[in-house]
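Atoms considered below: every heavy atom in the structure, side chains included; atoms not considered: hydrogens, waters and symmetry mates. Proteins come first, then strands; the chains are lettered A, B, ... in the order of their sequence lines, and each starts at number 1.
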2 protein chains.
Amino acid sequence: MTQAPAQDRGARSRDAILDTAGELMARYGYAATSISMISAECGLPASSLYWHFGSKDGIYVAVLERARTTLLAALPPAEVPGADVAQRLDVFLAEVEAAFQRHPRGVKLLLGLGTVQQDAGAAAVAEVHHYRDALLTWARDALSAVFGLRDHPEVADELARFTLRMAGGTAVARWFEPDAVLETGPLRVALLALAAHHGVLVRGTPGETGEGRRVPG
Amino acid sequence: MTQAPAQDRGARSRDAILDTAGELMARYGYAATSISMISAECGLPASSLYWHFGSKDGIYVAVLERARTTLLAALPPAEVPGADVAQRLDVFLAEVEAAFQRHPRGVKLLLGLGTVQQDAGAAAVAEVHHYRDALLTWARDALSAVFGLRDHPEVADELARFTLRMAGGTAVARWFEPDAVLETGPLRVALLALAAHHGVLVRGTPGETGEGRRVPG
DNA sequence: GTCTATAATGCGATAGAC
DNA sequence: GTCTATCGCATTATAGAC
C-alpha cells in the first residue's frame, strides 16, 4: 500500500475521467457536458483532462472506444449454444438483455451523434459510426447463427436492424423511464414471426415456440 | 401586395424562427444549437428571438408544441376504417409511415430530452414529457381500435410501446442513415404476431394475414 | 417589431510552476 | 502527472434607438 504504485496513478486518473465523462455524456449528451463539469465531478483539474486526452473530442472518442469494446465483450458471441432456433434465441435474448442491463450507457452514448455532429471533430464522428457499425455487424452475425441464416443474409440483416432499432428505441425510452429494459419478450415473438414470415424457420414453429403460455400448467 | 399586411409581420417572423430553430435543434440537439446559429440562419437578429420567445428555453418549448400538434394532427385517428384487423392495420401503418415521413423532425426533437435536462428550464422538460405522453396515448388508442382491444388494455399498451420504440429507434437510425423510414413491413408482422401471441386476434389469422407473399402471382 | 451594441458569464484550451 | 492561473472567444441575455 506504499502510497500508490506511482506508475498506476496516471492510469487510475484516466479511468476516473472516462468513468465520469461517460456517465455525464450518456445522461446529458456531448454538447451539454462541459469540461468543467467532468473536472468537478472526478476531482481532477481541467488541465489534467487535457493532458490525458488533448481535447473534449479526445475524451468523447476514448469514452466511446471503451464503451464499444466493453459492450461488445458483454454481448453474446455468434456461436450461441442450443439445439434448435427457440433454444438459441432464448439464450441469445437473455444474454443481450443482461448485457444492455449491465452497460446501460453503452447504447445511450450513441444517441449523442446529433449533438456531436455540430461541434465535435471528425475523429469523434468517425468513432460514433464505427461503434454503430460494430453493433450492426455483431447483430447480423449473432442472429444469423441463432436462426441459421447463412443462406439468407438479407433476412439476417432485417432481423439485425429490427433488433437494433428496438435497442435504440429502448435507450430513448430511458430518458423518460430510467428503469426501462430491452423487452425481450415482445422482441422474441417479433423475431420469430419475422423469420417465419420470410419462410426461413426450418424447424416448423410458425406461431408459438415453447413460450410460457404453452407450458403445461 | 402593399408591402406587408403589417400585423402579419410578427407572425411570419415567429414562424420563420420556429422553422429554423426546429430544423437545427432536430439535427444538432438543444444544447448544440445556439441562438446565434438560429439568428444567422433565419436572418433575424438575436434580440428579435428574445422578443418573441423570451429565452432559448422558450424557443424550444414553442418548437416542441408546434411539432406535437402538427405530428398528432398528421397521425391517423383512432377510428381507422376497415372491416377486419388486417385491413385496418394496413391503413393505420400506411398513414403512420406517411406522417413520420412528412414530419421527420417531429420525433427527433424528442430525442433531445437528455441534452435538455441539463441546461434547460422546467418548462422545456415538462413539454418534452407532455409530447411523449401524447404520443403514447395516441398509439394506445389507435392500436386498441385497430385490433379491437377494448377489453385488453394491457395488450394495447404493449403494442403501443412496441410501436413507439420502433419509431424512436428509427429516429435514432436517421442520425446514421438520413433516408431511413419507419419500416412498417416488419412492424406489421411483429404487431400481428404480438396480438396473436396474446390470443386477442379474433378473426383467425395466426401466422400470415394477406401479406404480399400470399397473394396469388 | 426590428435593429445595433454590449453586458455578464462560462466555455475550451494553454502556460508554466511543481 | 497534477496543480493554479489565465487567455481568447462564444454564449445567453439585455438596453435602448428607431
Side-chain angles (χ1 to χ4, degrees), chain A residues 2-21 24-25 28-63 112 115-125, chain B residues 2-21 24-25 28-63 112 115-125:
Chain A
T2 65
Q3 180 68 11
Q7 76 182 84
D8 281 0
R9 287 267 294 163
R12 290 170 57 84
S13 290
R14 219 189 107 98
D15 282 346
I17 295 167
L18 290 184
D19 285 343
T20 60
L24 292 172
M25 286 175 170
Y28 302 125
Y30 174 83
T33 302
S34 69
I35 297 287
S36 50
M37 282 170 61
I38 305 169
S39 166
E41 192 85 6
C42 74
L44 291 164
S47 53
S48 280
L49 311 202
Y50 282 97
W51 189 90
H52 281 285
F53 300 103
S55 68
K56 190 183 173 183
D57 288 10
I59 297 176
Y60 186 58
V61 171
V63 165
T115 96
V116 167
Q117 230 158 347
Q118 172 56 17
D119 48 16
V125 176
Chain B
T2 67
Q3 178 69 9
Q7 76 182 83
D8 282 1
R9 286 266 296 163
R12 290 169 58 83
S13 290
R14 220 189 106 99
D15 282 347
I17 294 167
L18 291 183
D19 285 343
T20 61
L24 292 172
M25 286 175 169
Y28 303 124
Y30 174 84
T33 302
S34 68
I35 297 287
S36 51
M37 281 169 62
I38 304 170
S39 165
E41 194 84 6
C42 75
L44 290 164
S47 53
S48 279
L49 311 202
Y50 282 97
W51 188 91
H52 281 284
F53 300 103
S55 67
K56 189 183 172 183
D57 287 11
I59 297 176
Y60 186 58
V61 170
V63 165
T115 98
V116 167
Q117 229 156 350
Q118 170 56 17
D119 46 16
V125 176

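- A donor-acceptor contact shorter than 3.5 Å is absent between the side chain of B:Thr115 and the backbone of A:Ala32.
- If you take CD on A:Glu41 and OG on A:Ser36, they are separated by 11.5 Å, rounding to the nearest 0.5 Å.
- Residue A:Ile38 contributes atom CD1, which lies 15 Å from atom C1' of C:dG10 at whole-angstrom precision.
- One distance of note links CG of A:Asp57 with OH of A:Tyr30; it measures 3.5 Å at 0.5 Å rounding.
- Distance, A:His52 NE2 to C:dA13 C1': 16 Å, rounded to whole Å.
- Here D:dT2 presents its P atom at 6 Å from CG of A:Leu44, a figure rounded to the nearest Å.
- With values rounded to the nearest 0.5 angstrom, A:Lys56 atom NZ is found 11.5 Å from A:Leu49 atom CG.
- Atom OH of residue A:Tyr60 and atom OG1 of residue A:Thr33 lie 9.5 Å apart, to the nearest 0.5 angstrom.
- Residues that satisfy the side chain to side chain donor-acceptor pair (under 3.5 Å) test with A:Asp19, not counting sequence neighbours, are A:Arg66.
- The CZ-P distance, from A:Arg14 to D:dG1, rounds to 11 Å in whole Å.
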Contact state string [nucleotides 4-18 of chain D, B base, S sugar-phosphate only, - no protein heavy atom under 4.0 Å]: B------SSBBB---
